[in-house]
**Q** 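Dropping the structure in here first, questions after.
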Amino acid sequence: ESKTPYKEESPTNPKTIYGKSKLEGENFINKFSSNFLILRVGWLYSSNGNNFVKKIILKHKENAKLKIVNDQFGTPTSASFVAKTLKEIFEHKNFWDKNGVYHLSCNGKTNWYEFTTAISECIKKINPDFKVREIKSCKSSEYETNAVRPLFSVLDCNKIKKDFNIETPSWKKDLKSQIQDIYESTQ
């Protein structure tokens, strides 16, 4: 429920089984080792698996009308960026001197509606014949779902930037660099 990005030391209070299990994993690792790196990421997507970007592309292909929430904020981040960053961390001269929890995401923040609009605009650029369907925004209270989602899940990534000299792109730039592969994965 914060309005400012969460730091690694911010209090945790997961609301779902998924979030609770992730925190239990962190606590288990911390209990049995003092030499570890845990990376927290959110709003993760890629050309593999089931994720939000692929769902939006497929919904457009199905001619579905989209109703997307506009009051849940986070930072979309590609698995490709995370993998590239992990390689940089492992190769960094300070790798063996650092441990603990780190946040990793792209720069900026958006909501699911704005993210959907950006995905749609990117698809239209790579395939001008692609039909972008109607997208309506709504509040979380108007959207039926079993999953409880946080209204704000933006992560403060200053610690990882400082400790490992990580350069992070904007979420829009990251999306533009990934959309072709993701689009092709839905063919």
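Note that the numbering runs from 1 along the sequence shown for the chain.
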**Q** Is there side-chain contact between S153 and F73, with heavy atoms separated by less than 4.5 Å?
**A**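 They are not in contact (no side-chain heavy atoms under 4.5 Å apart), so the answer is no.
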
**Q** I want to check a possible cation-pi pair here: K159 against Y102, using under 6.0 Å from ring centre and within 45° of the ring axis as the test.
**A**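 Yes, a cation-pi geometry.
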
**Q** Could you pull out all donor-acceptor pairs under 3.5 Å where a side-chain atom in residues 31-39 meets a protein atom, sequence neighbours excluded?
**A**
| from | atom 1 | to | atom 2 | distance (Å) |
| --- | --- | --- | --- | --- |
| S33 | OG | N35 | N | 3.1 |
| S33 | OG | N35 | O | 3.4 |

**Q** Is it the case that N127 and Y183 place a side-chain donor and acceptor less than 3.5 Å from each other?
**A**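 Yes, a side-chain donor-acceptor pair sits under 3.5 Å.
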
**Q** Where do G108 and T75 come nearest, in terms of heavy atoms and distance?
**A**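 Here G108 and T75 meet closest at O-OG1, 2.6 Å.
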
**Q** Do the side-chain N and O atoms of Q72 and S140 include a donor-acceptor pair separated by under 3.5 angstrom?
**A**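 Present: a donor and an acceptor within the cut-off.
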
**Q** I'd like to know whether NZ of K84 has more than 12 heavy-atom contacts from other residues, nucleotides or ligands below 6.0 angstrom.
**A**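 For K84, atom NZ is crowded (more than 12 foreign heavy atoms under 6.0 Å).
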
**Q** Calculate, to the nearest 0.5 Å, the distance between atoms CH2 and CG belonging to W43 and L155 respectively.
**A**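 Going from the CH2 atom of W43 to the CG atom of L155 covers 11.0 Å.
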
**Q** First locate atom CG of L44, then atom CZ of F52, and finally report the distance between them rounded to the nearest 0.5 Å.
**A**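 Here the rounded value is 14.0 Å.
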
**Q** If you draw a 6.0 Å radius around NZ in K98, do more than 12 non-hydrogen atoms from other residues or ligands fall strictly inside?
**A**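 Yes, the 6.0 Å shell around NZ holds more than 12 heavy atoms from other groups.
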
**Q** Between I166 and E88, which heavy-atom pair has the shortest distance, and what is it?
**A**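 Shortest heavy-atom contact: CD1-OE1, 3.6 Å.
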
**Q** CZ/F81 to CH2/W171 distance, rounded to the nearest 0.5 angstrom?
**A**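 One gets 15.0 Å once the value is rounded to the nearest 0.5 Å.
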
**Q** Can you tell whether the side chains of E24 and K22 come within less than 4.0 Å, N to carboxylate O?
**A**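 Salt bridge absent between E24 and K22.
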
**Q** Hey, could you give me each pair passing side chain to side chain donor-acceptor pair (under 3.5 Å) that has a residue in residues 50-65? Not counting sequence neighbours.
**A**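 Checked against side chain to side chain donor-acceptor pair (under 3.5 Å) - neighbours excluded - the pairs reaching residues 50-65 are H60-S120, K61-T186, N63-R133.
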
**Q** With under 30° as parallel and over 60° as perpendicular, where do the rings of F152 and Y6 fit, or are they tilted in between?
**A**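 Taking Y6 first and then F152, their aromatic rings sit tilted (interplane angle of 30° to 60°).
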
**Q** Distance check, rounded to the nearest 0.5 Å: S170 atom OG versus L175 atom CG?
**A**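 Result: 9.5 Å between the selected atoms.
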
**Q** Under 4.0 Å between a side-chain nitrogen and a carboxylate oxygen: does that hold for R40 and E26?
**A**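 Counted as a salt bridge, because a side-chain N and a carboxylate O are separated by less than 4.0 Å.
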
**Q** Would you mind checking if D71 and K139 are paired as a salt bridge, meaning a charged N to carboxylate O distance below 4.0 Å?
**A**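 Here K139 does not pair with D71 in a salt bridge, since their nearest N and O are not under 4.0 Å apart.
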
**Q** Answer yes when K125 and E121 have at least one side-chain N-carboxylate O distance shorter than 4.0 Å, and no when they do not.
**A**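 Looking at E121 together with K125, the answer is no, because their closest N to O distance does not fall below 4.0 Å.
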
**Q** Is it true that atom OH of Y143 has more than 12 heavy atoms of other residues, nucleotides or ligands lying nearer than 6.0 Å?
**A**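 No.
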
**Q** Distance check, rounded to the nearest 0.5 Å: S47 atom OG versus Q180 atom CD?
**A**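 Rounded to the nearest 0.5 Å, the OG-CD separation comes to 11.5 Å.
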
**Q** With rounding to the nearest 0.5 angstrom, report the OG1 to CG distance, T77 to N107.
**A**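 Going from the OG1 atom of T77 to the CG atom of N107 covers 9.0 Å.
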
**Q** Is K109 reaching over with its side chain to a backbone N or O of P76, donor-acceptor style, under 3.5 angstrom?
**A**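 Checking the backbone N and O of P76 against the side chain of K109, no donor-acceptor pair under 3.5 Å is found.
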
**Q** For P14 and G19, work out which heavy atoms get closest and say how close.
**A**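 Answer, listing the atom of P14 first, then G19: CB-C, 3.4 Å.
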
